[in-house]
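In what follows, a structure is listed as structure tokens, so that the remarks can point back to it.
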Amino acid sequence: MLSCSLNEDLTLVCCLFRLKLSSLAQFKKLSTLRSSAATTSLYNNNSRVAEQNCLALLESCNSLAKLTQIHAHLLKSGLQNNAFVLTKFASTSSHLNVIDYAASIAFSHLDSISTHHLYDAFLFNTVIRAYAQTSHAKHNAISSYSLMLHHAIPPNKFTFPFLLKACAGLLDLNLGKQVHGSVAKFGFDTDLYVQNTMVHMYACCVGGIEFARKVFDEMPKTSHVSWSAMIGGYARLGRSNNAIGLFRKMQIAGVKPDEVTMVSVLSACVDLGALELGKWLEFYIEREGVLKTVELCNALIDMFAKCGDVDEAMRVFRKMNDKTIVSWTSVIVGLAMHGRGVEAVAFFEEMKRAGVAPDDVAFIGLLSACSHAGLVEEGQRYFSSMASEYAIVPKIEHYGCMVDLLGRAGLVKQALEFIQEMPIAPNPVIWRTLIHACRVHGELELSETISRRLIGDEPTHGSNYVLLSNIYAKMFRWENKTKIREVMDKRGLRKVPGCSMIELNSEIYEFVAGDKTHSQYKEIYEMLDEMGRMVKRAGYIPVTSDVLLDIDEEDKEDALNRHSEKLAIAFALLNTLPGTPIRIVKNLRVCGDCHSATKFISKVYNREIVVRDRNRFHHFKDGSCSCKDFW
DNA sequence: TTAGGGTTAG
């Protein structure tokens with residue numbers, strides 16, 4: 001009954017809470033007293049009430065103007081040195097100017113008194129916490145800590161979790177080590193909360209993961225939070241096998257994960273594209289009764305969509321009671337990745353009908369859906385609706401989607417004009433998007449020009465050289481291609497090796513091109529030969545222009561035949577029952593030849609083959625692909 | 001007053 005939708009003065013609402021008044025009539029009677037005059041008189045007559053009121057007012061403070069007003073009340077009622085009020089003052093808002101103002105007021109009393117108050121550490125903790133939670137002023141948390149030490153105020157065990165959180169956000173390993181030293185100096189390095197935050201801090205800092213692991217391994221006692229922090233650290237770094245491995249160890253150690261742990265584990269699972277593991281994780285969540293928060297359900301949606309089963313993602317979504325924009329967006333992005341653009345658009349419309357306003361991320365999903373499905377006009381209409389209907393200023397990512405949308409549809413010139421007219425400077429991603437469109441649609445001259453410029457802009461970016469080298473291969477300009485290779489060697493740049501992963505009986509197998517490390521490699525290569533014969537008989541012609549090396553046609557075919565994706569398929573055909581779908585996860589984009597060969601394999605061997613490449617999914621079935629050869 | 005987590009173009 002005290003919901004703020006009544007639009008009453010929050011001071012009174014807080015008073016009501018304190019007086020435990022429950023009748024609406026009484027509330028209404030009290031609310032008539034609402035006026036600044038009444039509040040002021042309260043301050044003047046009773047300092048205790050004034051303190052309570054001040055605290056209540058601060059509770060709802062969200063602007064500098066309001067804070068200044070409260071400050072006036074504070075001075076009027078002689079509360080400028082009240083520790084409770086000052087502390088509250090310092091933690092009123094997430095707005096930086098308010099925190100700065102509050103901190104300056106809070107700290108100003110330190111100079112005016114000779115002895116420290118019991119709550120001074122409390123006060124600093126609050127300021128440190130407020131800064132640690134900001135997005136751009138985390139370093140102020142560190143300065144406040146220095147100030148604290150400068151005033152000879154000893155930190156307490158609550159100080160460090162806040163401080164370490166700020167370090168985690170600053171990603172600075174050296175700073176983290178310094179704070180670690182300080183933690184030890186004050187003897188709080190044995191506190192579980194502090195240790196957990198320490199693990200998190202190191203795991204967030206650049207190059208700090210091994211330090212995190214050291215702290216974690218040396219902890220005499222851990223909680224599920226310690227494990228979560230460590231697993232989350234691995235997951236964020238893409239060290240997914242470490243994350244999953246540690247999760248298994250956690251179970252062996254008998255520590256029960258909670259919903260936060262499971263979100264990190266699911267994100268590692270997404271990275272591996274391990275659908276079977278993901279399904280088991282959902283089963284585990286149900287079996288162990290892990291609280292299915294909105295965040296956890298969102299992670300499940302994301303997992304199913306990115307591990308290749310967007311229908312399962314939809315099932316999780318439909319069962320959710322409370323959905324957020326993230327839930328909707330995860331489904332939209334998922335549908336887009338699977339080339340189900342029309343459904344993604346319909347889903348976006350359903351979201352709007354449900355009264356959920358799209359945000360910038362939802363638009364990225366929607367526009368990429370339009371792009372992957374070739375819905376040019378719809379995409380253009382939605383793009384202009386961003387500003388006109390939703391007052392969302394398009395970001396570089398949205399422009400990127402539009403370049404892709406036009407480029408994929410073959411409107412390369414329009415895409416170029418679009419880039420030239422963009423109100424923000426194009427980034428290398430935009431140019432690479434255009435180059436890809438040029439390659440697909442045979443605009444080789446243009447792609448060469450842009451590609452050369454890109455190398456000038458980003459000389460240390462290996463993929464730019466590979467791009468140009470591929471363009472020269474398509475143009476049959478072998479000399480230029482060789483030169484590019486030489487430049488790469490000279491500059492010590494390397495092509496990222498293609499890698500394909502496949503999950504089989506709870507194991508994940510990785511293949512790189514020409515891989516002979518697998519124990520079954522002889523059978524795999526025999527299978528490859530057989531596959532080659534079968535698909536050729538069905539009409540497959542190798543796409544040798546995708547081969548980077550300047551070698552004769554027969555060798556080129558051989559090189560193509562050893563691509564990681566084909567090795568993984570051969571391995572799957574050998575080790576799974578006929579008719580079982582094959583799921584492969586690649587680190588790069590599918591090459592033209594593998595794409596063509598996989599279509600034939602799906603038909604010849606009567607297998608559904610689902611390939612997740614760097615950007616999207618390809619569902620191969622009966623000799624065709626869900627991307628309609630448009631990727 | 002203290003710790004760990006979710007959607008983002010190519």
Side-chain angles (χ1 to χ4, degrees), chain A residues 84 87-88 90-91 119 121-130 132 156-165 168 188 191-201 203-204 212 223-233 235-236 257-267 270 293-303 305-306 324-334 336 359-372 394-405 407-408 427-437 463 467 589 613-616 631:
Chain A
F84 281 117
T87 308
K88 198 78 201 167
S91 66
Y119 288 100
F122 191 6
L123 179 59
F124 271 98
N125 291 350
T126 316
V127 172
I128 292 169
R129 178 178 57 180
N156 61 23
K157 67 171 180 175
F158 301 111
T159 312
F160 292 106
F162 298 141
L163 191 62
L164 288 164
K165 212 171 175 181
F188 291 112
D191 183 275
L192 182 63
Y193 274 61
V194 175
Q195 285 176 337
N196 286 344
T197 329
M198 190 92 76
V199 172
H200 176 238
M201 180 276 289
C204 286
S223 71
H224 65 288
V225 177
S226 336
W227 292 81
S228 262
M230 198 64 229
I231 292 170
R236 273 193 305 276
D258 71 356
E259 69 280 5
V260 180
T261 324
M262 295 315 294
V263 168
S264 289
V265 176
L266 283 167
S267 117
V270 167
T293 55
V294 180
E295 291 82 359
L296 181 56
C297 292
N298 291 345
L300 278 169
I301 294 175
D302 189 46
M303 180 277 293
K306 291 192 184 144
T324 63
I325 181 78
V326 178
S327 329
W328 290 90
T329 306
S330 302
V331 176
I332 293 170
V333 170
D359 65 3
D360 56 336
V361 184
F363 270 105
I364 292 172
L366 176 71
L367 295 174
S368 85
C370 291
S371 172
H372 285 291
K395 294 200 287 196
I396 192 82
E397 289 88 345
H398 300 102
Y399 288 101
C401 290
M402 293 309 286
V403 173
D404 193 48
L405 180 85
R408 272 176 205 264
N427 64 11
V429 181
I430 298 270
W431 291 120
R432 274 193 281 273
T433 307
L434 187 64
I435 292 169
H436 185 71
S463 72
L467 210 54
R589 217 195 272 256
D613 76 8
R614 219 172 49 136
N615 303 322
R616 61 167 298 151
W631 80 99

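These numbers come from a predicted model, not from an experiment. In the text below, chain A, chain B and the rest are named by the order of the sequence lines, each starting its count at 1.
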Name the nucleic acid region contacted by [X], choosing base, sugar-phosphate or nothing; use a 4.0 angstrom heavy-atom cut-off, strictly under.
X: A:Asn156; value: base
X: A:Asp404; value: sugar-phosphate
X: A:Leu266; value: nothing
X: A:Asn427; value: base

Rounded to the Å, how far apart are [X] [atom1] and [N] [atom2]?
X: A:Tyr399; N: B:dA9; atom1: OH; atom2: P; value: 18 Å
X: A:Arg616; N: B:dT8; atom1: CZ; atom2: P; value: 16 Å
X: A:Leu467; N: B:dG10; atom1: CG; atom2: P; value: 15 Å
X: A:Leu123; N: B:dT1; atom1: CG; atom2: C1'; value: 12 Å

Rounded to the nearest 0.5 Å, how far does CD1 of A:Ile332 lie from CZ of A:Phe363?
9.5 Å

Interatomic distance, CG@A:Leu266 vs NZ@A:Lys306, rounded to 0.5 Å, equals 12.0 Å

Please check this pair: side chain of [X] against backbone of [Y], looking for a donor-acceptor N/O pair closer than 3.5 Å.
X: A:Asn125; Y: A:Ile128; value: no
X: A:His398; Y: A:Asp360; value: yes
X: A:Ser371; Y: A:Leu367; value: no

So do the side chains of A:Asp404 and A:Ser368 get within less than 4.5 Å of each other, counting heavy atoms only?
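With C-beta onward as the side chain, the pair stays apart.
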
Letter per nucleotide, 5' to 3', of nucleotides 2-7 of chain B [B base touched, S only sugar-phosphate touched, - untouched; heavy atoms, 4.0 Å]:
BBBBBB

Does A:His372 have a side-chain nitrogen or oxygen under 4.0 Å from the phosphate oxygens OP1 or OP2 of B:dG10?
yes

